[in-house]
Structure formats: C-alpha cells, structure tokens
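Right, one structure below, let's go through it.
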Amino acid sequence: MKTLHPAYLTEESSGRRVDVEGPITIGRTQECGLIIEDTSASRRHVEITPRDGRYYWKDLGSTNGTVVNGRPMLGGELKDGDRIQIGETIIRFTATAPPPPSEAPRMADSGLFQETILDELGHEQPAADLGKSAALLEAVYAVNNEIANNYDREDLMDHILEKTMQAINAQRGAIFLANSDGTLRNAPECIRVEGSRTSASDDVRISQTVARRVLQDGKSVLFKDSDQEGELNPTASIMSLSLRSIVCVPLRAKQSILGILYIDTDRPDQRYTEDDLLLAAAVGNSAGLALENARMHRQVLDKQRIEQEIQTAWTIQEGFLVKEWPETDKHFQIYGETRPAKTVGGDFYDFVRPNKRTVGMLIGDVSGKGVPAALTMAQLLAEFRLLVRECGSPAEILAHMNTDFYKRSQRGTFCTLCYVSLDLENGVVQSANAGHHPVMLITKSGVREFGAASGAPLGILSDVRWENSVERIDAGDTILLYTDGIVEANSMGTMHDRDKATLDQYDVDNLSIVAKAHYGQQPKVLLTAINNDVRRFCAPGQPHDDCTMIALRYLGSTA
C-alpha cells in the first residue's frame, strides 16, 4: 500500500480548508467532514475516498446533483485543481501528482464502474467510450443502489426520476402512483423539468388510455411523435401539449404495479428511442421493488413504534396501579389486576383507606388507547388520591374530579368511573357511577347488581351531579368491579358457512355464573377464575380490550 499524497479541499467563497487524510463526506449535516451551508446540498452529498495514492469521489444520490469542472457527473477520480460545484458552492481540490497509471486501476468518470483493459502482452489499454450503454447501466445501478440504502419514499422517487432523466437527457418527467383500484392518483408524486424538481402539478394530465394500458396490461409505451396517429390523445397528454416524444413504463413490484414512470419532451429535435424505453423499463422494475421495500420498511417501523408505545403505556399504567395488597387485615380481603390487550387502553383501578373505618375501590376506563390514555389515567388517579381524603361521599368525589377533567379534556376524551366505599363497622356500601358498569355483589344467596350509572362519564359535561347508591352486605360477601374488556370480550360462534359467523360476547350472564361459583373465595382466586374463563371463551383468539377487575371480600365488622 502506497503512502497517500497530501490533499485538501478549499471552499472558494470562504477560503476554508479541510485536509483529506481519509474518506471524507461533503454535505449539510454535522457529521460531514466538510459542512457547506448551501440549500442545494443534500445532507450527505459527496464522498471522497483515498485509495492507493489516488483520490476518488462519488455522488451519494444527491437531489440536485454534482458538477465537476463544469460537467454534471456521478463520480470519478479527482485530479489536482479539480473544482467540485454543489449548488452555488465551489470547492477546489488540491493534491500532488498521483502515481503512474501502472500503479493504480483506472476508474471511469461515472465512479460506479472500475475497469482495467489489458492487451495480450499485459499492457493497459484505454477503455472504449460506452456512451448511452454506460448511462443505461449507470441509471439502473443507481436505482438498485437506492433499494439497499434509501427507505424514504419521497426522496427515493426523486432519485429514481432524477437519475433516469439524466441517463436519457430527458426534458420532463413525473412519477404517478396508483390507487388500490388500479387508477392513477390525480396529482403526480414527483415532477422534474429539465433536471430540476418542480411543484407545478396542476398542469399534469394523463389519458386514461395510457394509464389503462400501462397499469392493467403492464406494457411500456413509447411515442416518438405525438402528432402521429396513435393511442395517445394529444389534447389529454401528460404534462404538456404538442409533445414530440413520450416514454411511459410501469413501476413493477413483486405482485402488483405501483404506478408509472413518465417522461416526455416538446423539443422538435428530440425523439426518445427504443434504448431509452429499455432503460426506463429496467429502472421501472427496480424502482417498483425499491418503493415496495420502502413501504415494507415503513410498516416495520410503524409496528415497532406501536409496540414501543404499548410498552410505554403499560409502563405508565403499571407504575400507578396498586401492586401490594393488604394480606393480614381481619376485616377484608382485596385484590385487583389489569391484563392489557395488544393495544393498551386506559383501564385503571385503585384501592384507598382514607381512615381506619372506611376502605374504597375505584375503577375507570379512559377513552382512547396507548400513551395518551395512560397519561390521562395517571392524572385522574393522582387527583383521586388527593380528593378521597378531603371529600365525603363518592358522588362528591366524582363531581370534583369532573370539574378539573372537563377543563383539560381535549378532542372528546372522557372517562367512565365507579367509586365504591365500604364502612367496615356496619357493612354499608356507597357507590357513585359515572357511565360505568354497575357494581356486582356476590352474596350467599346469589349475584346481584347495584349502583347503576346516575350520570354521564367524566369530561363530557361541565356541570353534572351524581347520586350515591347505598346497600348493606354481610360478612363473606364480595364486591366486584370490572371494565367492558371483560363483558365485551368476543368469540366467534358456530360457522354457518364460510362467509358468515355469529359474533358472541362474554356478557354479564357468563360473568355472574363464574362469580356465583366462587362465592366465599379470596378475591385473587375469583379474578383468576374469571380471567381464565374469558380467555377460554375467546379461544383461539384473545380479548380485544384490556381486562381489568378489582374485588373486595368483606370479612366482618370492626366494632
């Protein structure tokens, strides 16, 4: 390996100098070795790599391209005094003389194909000018390279169109994506006119004849002159009238056509050829795969984001929910839990003991899913724990919670809520219910409900008053609170045919059967039995919503 010759880059406008001691990137991001403040520059625009005493550069798929010594190029070898232009910024390359040709392979100006041609005696020969063939390979290679390196759909389409237009010296081009029904969208996703991106999409039109042929039949179209008779109607031509030549090819994915790549010109002296059509068709195949990969990549990222949001929401919920329960109290037993579904909702529960005589249970369900619902739940729980020590009856607590929640509630967020307090001295139960399921009492004589909703959920109306429902329970009775994830758990019923099925819900009747069968059992045993029965009911599927319950078994008076 030969020692690298000293080299450096100089930005002509500022005189800034950067040594090239190894691979260096030029662009707008802070990670680049040479940062340029030019709006035409891409984040990572050009890379320069020293190798065997020589310096090679390549365009990193920039949006606006790179000009070296006045010539648009994609890459090549840098020589002393070469001037690299990116937008309005000019950078001069300075280096000492490179080693003789025999010591290093020659690189084509494109920067993508390296070649050394030897005769029968082993002497290096000059490479032939590949002309348009090289441009064709260059464009196809560039698009294939994007498949592995670019998952931003808009940026990817811009690169696909830009490189194709450069390869065939196109005047105008556009990429149209297709709707699910096989028709084209009204406006193109990407437009370029003479190499520059434009947003003038109002003038872009396409005939249904061409769209149908390309999208449905998957056939490429070449028109050498739109004045001749053919399938294209000049009055409905794409992007312009009086067109001289048109190339239109499908963007082909593995199992479908995603859209079309369209190129035209109105120059009298320009006619696209069969070679141009071949290039565009090859790019169209690669571009379709690239766009499909970008879509799949986005789906993976969305799935990861959703999974992360679910985990974050569950972490928030878990941090606020009670996890340690009284186990030695002689007057009551209590236990609660929530089992989150695939998308964590806003279910929550709480247990409080504002004084030695009273214990309380809260259960609620915030509208919405994920992190927003979890944060709202956290706010409500924090406020409830403060109010329960200051307010009297359950109805008063709900009224105070609603006042603050209504003020900060946005976009229709609301919360169903039920709060139950038990007087340990006499077994008197008070309940206030804001749009939630009634309380279920599991007694020796059977199962019954009480405390139906006496007002709307929290956050809907500014001035609501709820009523207290009062009952008395005996030692051994259990109070059960639950959310709709339990009673609305779905199961596919008997299949009548391959197209129809009945959709059953677990409902209150099934819940009552299990509850009655477990009278006298500890709350944790009761909740485990209900959850197991719900999952049996939903099998082979899973409950679609959070399954949340809290139960308190009264053991007797403190008097």
Side-chain angles (χ1 to χ4, degrees), residues 321-322 325-327 329 331-341 345 347-351 359-365 394 416-424 427-433 435-453 469-491 504-539 542-556:
L321 298 178
V322 178
W325 304 95
E327 296 181 356
D329 198 290
H331 307 290
F332 69 94
Q333 297 169 334
I334 188 167
Y335 183 77
E337 68 174 17
T338 181
R339 298 190 180 186
D347 284 12
F348 61 95
Y349 59 82
D350 204 8
F351 162 71
V359 291
M361 294 190 302
L362 178 78
I363 197 164
D365 185 0
T416 65
L417 203 68
C418 182
Y419 176 52
V420 176
S421 67
L422 169 65
D423 189 324
L424 296 175
V428 172
V429 179
Q430 289 190 78
S431 171
N433 191 326
H436 202 80
H437 294 285
V439 180
M440 181 172 284
L441 294 181
I442 307 168
T443 68
K444 189 173 183 179
S445 59
V447 175
R448 69 179 189 274
E449 292 182 337
F450 95 100
S469 298
V470 181
E471 276 278 352
R472 184 184 296 274
I473 61 176
D474 298 322
D477 293 347
T478 297
I479 305 168
L480 174 65
L481 303 178
Y482 56 90
T483 61
D484 53 17
I486 298 291
V487 293
E488 294 180 6
N490 292 329
S491 171
D504 298 328
Q505 288 189 339
Y506 187 72
D507 68 34
V508 176
D509 291 339
N510 283 305
L511 176 60
S512 299
I513 292 172
V514 178
K516 182 178 180 180
H518 288 79
Y519 168 77
Q521 298 288 329
Q522 294 184 2
K524 186 173 183 179
V525 174
L526 171 65
L527 267 56
T528 300
I530 295 172
N531 273 313
N532 290 340
D533 198 54
V534 169
R535 275 152 178 75
R536 177 200 58 77
F537 180 83
C538 293
Q542 295 290 330
H544 68 282
D545 201 356
D546 295 355
C547 292
T548 303
M549 293 179 287
I550 184 170
L552 184 148
R553 181 174 177 237
Y554 181 47
L555 300 180

* To do: Using distance alone, with no hydrogens and no angle criterion, decide if Glu337 and Tyr335 have a side-chain donor and acceptor under 3.5 Å apart.
  =>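 The answer is yes; a qualifying pair exists.
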* Look at the side chain of Tyr519 and the backbone N and O of Ser445, then say whether any donor-acceptor pair between them is shorter than 3.5 Å. => no
* Can you check whether Ala529's main-chain N or O pairs, donor with acceptor, with Asp533's side chain at less than 3.5 Å? -> no
Reported [atom1]-to-[atom2] distance for the pair [X] and [Y], which is rounded to 0.5 angstrom:
| X | Y | atom1 | atom2 | result |
| --- | --- | --- | --- | --- |
| Glu488 | Tyr506 | CD | OH | 14.0 Å |
| Asp477 | Leu422 | CG | CG | 10.5 Å |
| Asp365 | Leu417 | CG | CG | 10.0 Å |
| Gln333 | Glu327 | CD | CD | 10.0 Å |
| His436 | Ser431 | NE2 | OG | 10.0 Å |
| Cys547 | Leu527 | SG | CG | 10.5 Å |

* To do: Verify side chain to side chain contact (heavy atoms under 4.5 Å, CB included) between Leu480 and Leu511, making sure each step is shown before the conclusion.
  => CA-CA 10 Å; Leu480 174 65; Leu511 176 60; 4.2 Å; yes
Side chains of [X] and [Y] in contact at under 4.5 Å (non-hydrogen atoms):
| X | Y | value |
| --- | --- | --- |
| Tyr482 | Val508 | yes |
| Ile334 | Pro326 | yes |
| Val359 | Tyr554 | no |
| Asn433 | Ser469 | no |
| Thr483 | Phe348 | no |
| Leu362 | Leu481 | no |
| Leu526 | Ile442 | yes |
| Ile479 | Leu441 | yes |

Which atoms form the tightest heavy-atom contact between [X] and [Y], and what is the distance?
| X | Y | value |
| --- | --- | --- |
| Gly476 | Arg553 | O-NE, 3.8 Å |
| Arg472 | Arg448 | O-NH2, 4.0 Å |
| Gly485 | Asp545 | CA-CB, 4.0 Å |
| Pro523 | Ala551 | CB-O, 3.5 Å |
| Thr416 | Gly435 | CG2-O, 3.3 Å |
| His331 | Gly556 | ND1-O, 3.5 Å |

* Within 6.0 Å of CD in Gln522, more than 12 heavy atoms from elsewhere ->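 No, CD of Gln522 has 12 or fewer neighbouring heavy atoms, counting only those of other groups under 6.0 Å.
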* Partner of Ile530 under side chain to side chain contact (heavy atoms under 4.5 Å, CB included), chosen from Val525, Val514, Asn510 -> Val514
* side chain to side chain contact (heavy atoms under 4.5 Å, CB included) between Ile550 and Trp325: does it pass, once the steps are laid out? -> CA-CA 11 Å; Ile550 184 170; Trp325 304 95; 4.1 Å; yes
* Check the pair Asp474 / Lys444 against side chain to side chain contact (heavy atoms under 4.5 Å, CB included), numbers first and verdict last. => CA-CA 9 Å; Asp474 298 322; Lys444 189 173 183 179; over 6 Å; no
* Evaluation steps, side chain to side chain contact (heavy atoms under 4.5 Å, CB included), between Leu552 and Val420 -> CA-CA 10 Å; Leu552 184 148; Val420 176; over 6 Å; no
